[in-house]
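Ligands are counted one by one from 1 in listed order, and the atoms in each one are counted from 1 as well.
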Amino acid sequence: MTAAAGTDIAEAVLPRPLAATSLLDAVRDLRRDVERTGFPLEIPGVDAARASRRRLVDQLGEHLVPRLEELSAPAIVVVAGSTGAGKSTLVNSLLGAEVTAAGVLRPTTRRPVLAHNPADADLLSQHPVLESVEVVANDQVPRGIALLDAPDLDSVLESNRESAHQLLEAADLWLFVTTAARYGDALPWQVLEGAVERGASIAMVLNRVSPASLPTVRGDLLDRLRAHGLEGAPLFVVPDVGPHEGPLSAAVVAPIMRWLTMLAGPDRARTVIARTLRGSLAALRPWVDELADAVQAQADAAEGLAAELDLAVQGPQERARAGVHGGAVADGAARARWTELTMGGAPLDGLVRPSGRVRGSRRTGRARSEALVPLTRDVTRSAAANLAAAGAQAERMIRTHLTRADAPAGGRSLESAWPAEGRVEQRAAAAELSAAQWAAGSIDAARSALAEASVPAGRARSDARAARRAQRAERALGEDGLAAVALAAAVGVEPARALVVDLLGEPGARACDLLRDDLAERSAEQARLEGESAAQVLADPDLAADASSLLRLRLAVLKGLT
Ligand SMILES: Nc1nc2c(ncn2[C@@H]2O[C@H](COP(=O)(O)OP(=O)(O)OP(=O)(O)O)[C@@H](O)[C@H]2O)c(=O)[nH]1
Ligand SMILES: [Mg+2]
């Protein structure tokens, strides 16, 4: 190899940069993320932000990405020369694989073969040269260039000549292969002269040179190159290896391979692309920054709205608790049912005698317990209705908070994005389930109260009197009956509470209080759930606290690459 193939030459010979898909990838990533960015909340400045996002997507998609793709597409290195010069053999030897047929038949190559790195397939796919060549992916091809084995230039076949000349038109670099025997031929030099005139980049391979003739031939060839204005072109000499079939050894073609690899080097390509597009890339920064600020404003607004939702449900939660404690659930069906059950002759009439004696056997207890089933049902229904009402009240309050004049930014868009449809049904279902769970808990409450009642206050073990009292209570109403009365007591039917206390004393009172507290919390929970439902609207990735950092990260990557 004579003329040194330094970086300066590499810079000089190639009309355009190569590879550097990383910059292209970075811009593509940015475009994708900008396109995905939504501005769900109507807050001040959102229209401007949406418009600027659209402009940025257009700028990236219609200008920058296509330009980068163009700049990043692999450079076509056409291996050209006379038939039998060893072009196909050279290509195969460079890649260490038979991607194109070499042979003794002249001319051998009729259909041009283009070898590229598999990673470049995408970038190459739009290249016009692809129409007329056979394409082979080979991972020995340096990323950023494509090697094209052309038919012979001075072919006896017209089609070969035409095809070779066309390919040279499409070439980014000509790798001109000639031999000691053929370099004097007129036609190749004519073609080369034309190339120089058009400013094409050229490198020369002098193939099959015997050691003896090397000094003379090389000197002569260099003179010719100078005479044709090609003194800057790299010249590679491949020594003759004697009678030969198949690829040449890697060592023989190593200088050419090194040079091609250097041409394809992504770092150099990146600087060239960055230089070409510096202006457009720099212009992106303030835009992306502005967009990131707008995304941040959305996240901030979402935070303010979440706090407002918490605030909005506080009142309804308090009122829900107070309503249960005030006995609101007892009004209506529960109290009416109680009156019915305690009227003269009704199952609960005179259950506890003024003397304190409890009336009833196991049999009457079972009958009473059954008679109390409608009481449990009515109380449970009233409880469910109360829970649903607590939710409804919270929904109204939330909507008011979000739409009033001093509502936080984005309140209206949150309010309208929070579906009103189906809320009633959803709430009723949740309330029913919660009320049923609450009512089911009364059995346990009754059971524990019975157990506690059999142990007199302040003692560790049951005594006979207390145990008899608990037994009498259980006989008179059964566990289920006691549970039903406790439920009525919990929602605020005062005589029911008095009955439980008569039967079970302090433990009975405690059971009623615990059931009441449980219901109060469940009612408050329904109000809280409304806030949670509205907050679902805010669970949008575009409103996440760190939503803007993605765009800023993309910008930082881009800065690092340019
Ligand atoms: N001794 C020797 N033979 C070579 C060398 N390079 C190629 N050959 C032989 O020369 C013949 C022609 O080689 P190809 O690689 O087919 O030549 P080509 O330039 O592709 O020819 P066309 O496709 O017809 O244009 C083959 O038989 C090769 O084995 C070399 O460096 N030394
Ligand atoms: Mg060939």
Side-chain angles (χ1 to χ4, degrees), residues 1-2 76-116 129 132-136 138 140-141 146-171 173-192 195 202-214 217-218 221 235-257 259-260:
M1 172 176 146
T2 34
I76 309 289
V77 177
V78 172
V79 182
S82 310
T83 180
K87 302 181 292 296
S88 301
T89 304
L90 180 65
V91 169
N92 290 339
S93 308
L94 286 167
L95 303 181
E98 198 183 322
V99 297
T100 174
V104 285
L105 205 75
R106 298 273 68 81
T108 302
T109 304
R110 293 173 186 220
R111 178 140 174 90
V113 175
L114 179 94
H116 67 84
V129 81
S132 43
V133 302
E134 196 167 307
V135 183
V136 180
N138 181 296
Q140 289 304 302
V141 183
L147 271 181
L148 207 164
D149 179 26
D152 52 331
L153 263 179
D154 46 355
S155 189
V156 292
L157 291 179
E158 195 190 327
S159 60
N160 265 17
R161 281 201 308 275
E162 263 174 27
S163 154
H165 286 267
Q166 269 166 15
L167 292 173
L168 284 174
E169 295 287 326
L173 174 70
W174 298 18
L175 192 57
F176 207 88
V177 184
T178 187
T179 61
R182 301 290 302 271
Y183 73 86
D185 291 2
L187 181 73
W189 289 107
Q190 275 169 25
V191 176
L192 280 175
I202 295 161
M204 185 140 263
V205 178
L206 181 55
N207 201 12
R208 304 169 70 165
V209 189
S210 71
S213 63
L214 176 60
V217 172
R218 188 174 62 189
L221 186 55
L235 169 61
F236 300 96
V237 175
V238 178
D240 193 17
V241 291
H244 182 81
E245 274 303 315
L248 309 170
S249 78
V252 176
V253 294
I256 305 177
M257 194 59 183
W259 184 70
L260 288 173

Give the residue, atom name and distance (to 0.1 Å) of the protein heavy atom nearest atom 29 (O) of ligand 1.
-> His244 O, 3.2 Å
When you look at Thr83 and Asn160, which way does the side-chain contact (heavy atoms from CB on, under 4.5 Å) test go after all the steps?
-> CA-CA 10 Å; Thr83 180; Asn160 265 17; over 6 Å; no
Does a side-chain heavy-atom distance below 4.5 Å link Leu175 with Lys87?
-> no
Determine whether Pro107 and Leu157 make a side-chain contact, defined as any pair of heavy atoms from C-beta on separated by less than 4.5 Å.
-> yes
Protein N/O/S atoms under 2.8 Å from the Mg ion (ligand 2): how many?
-> 2
Is it the case that Ser88 and Asp149 place a side-chain donor and acceptor less than 3.5 Å from each other?
-> yes
Considering only protein heavy atoms, which is closest to atom 9 (C) of ligand 1, and at what distance to one decimal place?
-> Arg208 NH1, 3.8 Å
Enter the distance from Leu147:CG to Leu260:CG here, rounded to the nearest 0.5 Å.
-> 6.0 Å
Heavy-atom nearest neighbour in the protein, as seen from atom 1 (N) of ligand 1, with distance rounded to 0.1 Å = Gly242 O, 2.5 Å
Near Leu248 (heavy-atom distance under 4.0 Å), the atoms of ligand 1 are 30 (C), 31 (O)
For ligand 1, which atoms sit closer than 4.0 Å to a heavy atom of Ser88?
-> 15 (O), 18 (P), 20 (O), 23 (O)
Under 4.0 Å to a heavy atom of Gly86 - the qualifying atoms of ligand 1, by number | 6 (N), 7 (C), 13 (O), 14 (P), 15 (O), 17 (O), 18 (P), 19 (O)
Indicate yes or no: at least one non-hydrogen side-chain atom of Leu114 is less than 4.5 angstrom from one of Ile76.
-> yes
Looking at side-chain heavy atoms only, is the closest gap between Leu235 and Arg218 below 4.5 Å?
-> yes
Find all atoms of ligand 1 within a distance of less than 4.0 Å from any non-hydrogen atom belonging to Lys87, and give their numbers and elements.
-> 15 (O), 17 (O), 18 (P), 19 (O), 20 (O), 21 (O), 22 (P), 25 (O)
Identify, by atom number and element, the atoms of ligand 1 in contact range of Pro107, meaning under 4.0 Å from any of its heavy atoms.
-> 24 (O)
If we only count heavy atoms from C-beta on, is the Ser210 to Val217 side-chain gap below 4.5 Å?
-> no
Quick one: does ligand 1 sit under 4.0 Å from the side chain of Asp240, the backbone, both or neither, non-hydrogen atoms only?
-> side chain
Asn207 to ligand 1, any heavy atom closer than 4.0 Å = yes
Under a 4.5 Å cut-off applied to non-hydrogen side-chain atoms, are Asn92 and Thr100 in contact?
-> yes
Criterion side-chain contact (heavy atoms from CB on, under 4.5 Å) on Leu248 and Val238, from CA distance to verdict = CA-CA 10 Å; Leu248 309 170; Val238 178; 4.1 Å; yes
Nearest-contact summary for atom 7 (C) of ligand 1 - protein heavy atom, Å = Thr89 OG1, 3.3 Å
Quick one: does ligand 1 sit under 4.0 Å from the side chain of Asp149, the backbone, both or neither, non-hydrogen atoms only?
-> neither
Can you find a pair of side-chain heavy atoms, one from Trp189 and one from Thr178, that are under 4.5 Å apart?
-> no
Heavy-atom proximity to atom 12 (C) of ligand 1, picking from Gly103, Ala85, Ala102, points to Gly103
Kindly indicate whether the side chain of Leu90, heavy atoms from C-beta on, has any atom under 4.5 Å from the side chain of Asn207.
-> no
